[in-house]
Amino acid sequence: MPLPRKKTFLVFREAQKLGPYDERPMLPEDTHLQICLSRNDRPQPFFLCCEKDTLLAVFSGKGSVDFKETGALRFPFEAGDHVYVPGGAATRIVPDGECVILRYKAREAGIEAARFYCETCGEELYRHVFDTAKTPSQEGYLAGCTAFNNEDALRHCEGCGAEHPVIDLSPYRWQALADNLRS
């Protein structure tokens with residue numbers, strides 16, 4: 001059954017139906033500016049890099065948005081904050097407890113990437129790039145995390161020698177969401 005999209009919705013009611021980093025599109029498909037909703041309770045397992053600018057609106061909770069390869073390293077947030085993310089910036093949401101976040105993005109979002117970095121030295125370990133015109137974001141997230149989990153070499157940092165654990169994918173409903181979005 002396809003996910004219902006509405007012109008209006010109650011953020012907190014809809015958020016109760018969601019899981020971490022669902023990034024569920026909420027508005028009708030033909031709406032130019034798309035709003036994606038997530039209810040996050042753990043650090044994002046990768047840094048997301050979007051071709052086009054996005055905006056995060058924090059409805060509840062607090063935490064930070066970590067940046068890579070930009071002038072800012074970390075932007076702390078709490079309910080009511082908005083975090084502008086320029087196109088091409090790699091960011092990871094790190095909540096302190098549960099938070100409800102809307103991501104504003106273009107309907108035709110373009111290229112996205114799930115990027116994985118060494119937690120010890122910060123070197124990029126792996127990048128999974130996908131085109132949102134062909135692949136729902138959730139399917140791209142899952143493919144990136146699955147590749148990272150399946151290849152020992154991707155979890156080994158050449159720079160400092162650190163070994164990174166596999167990502168527990170059980171909390172994420174990305175495949176079910178992607179299947180729903182395709183129908």
Side-chain angles (χ1 to χ4, degrees), residues 1-15 17-40 43-59 63 65-72 75 77 81-95 99-117 124 126-148 167 169 171-183:
M1 171 161 65
L3 294 170
R5 295 189 186 196
K6 311 168 193 173
K7 288 187 179 193
T8 62
F9 58 93
L10 298 172
V11 170
F12 293 110
R13 181 182 299 163
E14 295 299 323
K17 302 172 189 174
L18 301 177
Y21 308 99
D22 278 356
E23 296 271 338
R24 179 179 169 228
M26 299 302 295
L27 299 177
E29 247 181 282
D30 61 346
T31 305
H32 177 67
L33 181 66
Q34 198 48 250
I35 298 175
C36 301
L37 181 62
S38 292
R39 183 170 52 96
N40 309 317
Q44 195 168 6
F46 54 84
F47 282 74
L48 178 61
C49 186
C50 299
E51 177 182 358
K52 298 179 181 177
D53 298 356
T54 66
L55 179 71
L56 300 173
V58 182
F59 274 74
V65 178
D66 292 348
F67 288 80
K68 287 287 187 188
E69 302 166 7
T70 66
F75 188 94
F77 65 73
D81 285 345
H82 291 77
V83 181
Y84 167 70
V85 180
T91 61
R92 178 175 68 169
I93 298 169
V94 182
C99 66
V100 174
I101 294 180
L102 285 176
R103 182 186 302 272
Y104 294 78
K105 59 197 292 191
R107 178 183 66 216
E108 296 170 5
I111 304 298
E112 291 186 0
R115 297 173 67 178
F116 300 83
Y117 290 88
E124 185 174 3
Y126 172 63
R127 178 186 309 199
H128 177 77
V129 179
F130 56 95
D131 184 349
T132 60
K134 299 174 186 165
T135 305
S137 295
Q138 297 81 358
E139 199 169 271
Y141 304 161
L142 180 59
C145 290
T146 300
F148 186 76
I167 298 165
L169 296 176
Y172 307 106
R173 307 169 326 140
W174 293 324
Q175 189 60 59
L177 283 163
D179 292 345
N180 235 311
L181 289 168
R182 285 186 186 277
S183 63

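All values derive from a computational prediction rather than experimental measurement.
Of all heavy-atom pairs between Pro45 and Cys145, the closest is CG-SG, 4.2 Å. Residue Lys17 comes nearest to Arg173 through the heavy atom pair O-NH2, 3.4 Å, listed as atom of the first residue, atom of the second, then distance. Closest approach of Tyr84 to Asp53, counting heavy atoms only: OH-OD2, 2.7 Å. Closest non-hydrogen pair, Arg127 versus Ala113, comes out as CG-CB, 4.1 Å.
One finds the CZ atom of Arg92 at 12.5 Å from the CG atom of Leu48 (value rounded to the nearest 0.5 Å). If you take CD on Glu51 and OG1 on Thr132, they are separated by 8.0 Å, rounding to the nearest 0.5 Å. For the atom pair CD1 of Ile167 and CZ of Phe46, the computed distance is 8.5 Å after rounding to the nearest 0.5 Å. Considering CD of Glu112 and OG1 of Thr54, their distance stands at 8.5 Å, rounded to 0.5 Å. Taken from CZ in Phe75 to NE2 in His82, the straight-line distance is 11.0 Å, to the nearest 0.5 Å. For the atom pair CG (Asp81) and SG (Cys99), the distance works out to 11.5 Å, reported to the nearest 0.5 Å.
Partners of Tyr104 under the side chain to side chain contact (heavy atoms under 4.5 Å, CB included) rule, at least two apart in sequence or in another chain, are Leu33, Ile35, Leu55, Ala57, Leu102. In this structure, the side chain to side chain contact (heavy atoms under 4.5 Å, CB included) partners of Asp179, at least two apart in sequence or on a different chain, are Gln175. Partners of Pro171 by side chain to side chain contact (heavy atoms under 4.5 Å, CB included), not counting sequence neighbours, listed by chain and number: Pro20, Arg42, Asp168.
Residue-environment remark: CD (Glu108) stays at or below the threshold of 12 foreign heavy atoms within 6.0 Å. The number of heavy-atom neighbours closer than 6.0 Å to CZ of Arg182, taken from other residues, nucleotides and ligands shown, is above 12.
Formation of a donor-acceptor pair under 3.5 Å by the Ser38 side chain with backbone atoms of Asn40 is not found in this model. Although no hydrogens or angles enter the test, the distance criterion places no donor-acceptor pair under 3.5 Å between the side chain of Asp131 and the main chain of Ile111.
Relative ring orientation between Trp174 and Tyr141 is described as perpendicular, the plane-to-plane angle rising above 60° on a 0-90° scale split at 30° and 60°. Classification of the Tyr21-Tyr172 ring pair by plane angle, with boundaries at 30° and 60°, yields tilted.
Under 3.5 Å, the side chains of Ser137 and Glu23 contain no donor-acceptor pair of N or O atoms.
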Exercise for review: Tell me, with the steps shown, if Glu124 and Lys68 meet salt bridge (Lys or Arg N to Asp or Glu O under 4.0 Å).
Suggested key: CA-CA 10 Å; Glu124 185 174 3; Lys68 287 287 187 188; over 6 Å; no
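A salt bridge is absent between Asp22 and Arg39; no separation between the charged side-chain nitrogens and carboxylate oxygens falls under 4.0 Å.
Counting only heavy atoms from C-beta outward, the side chains of Val85 and Cys50 never approach each other to under 4.5 Å.
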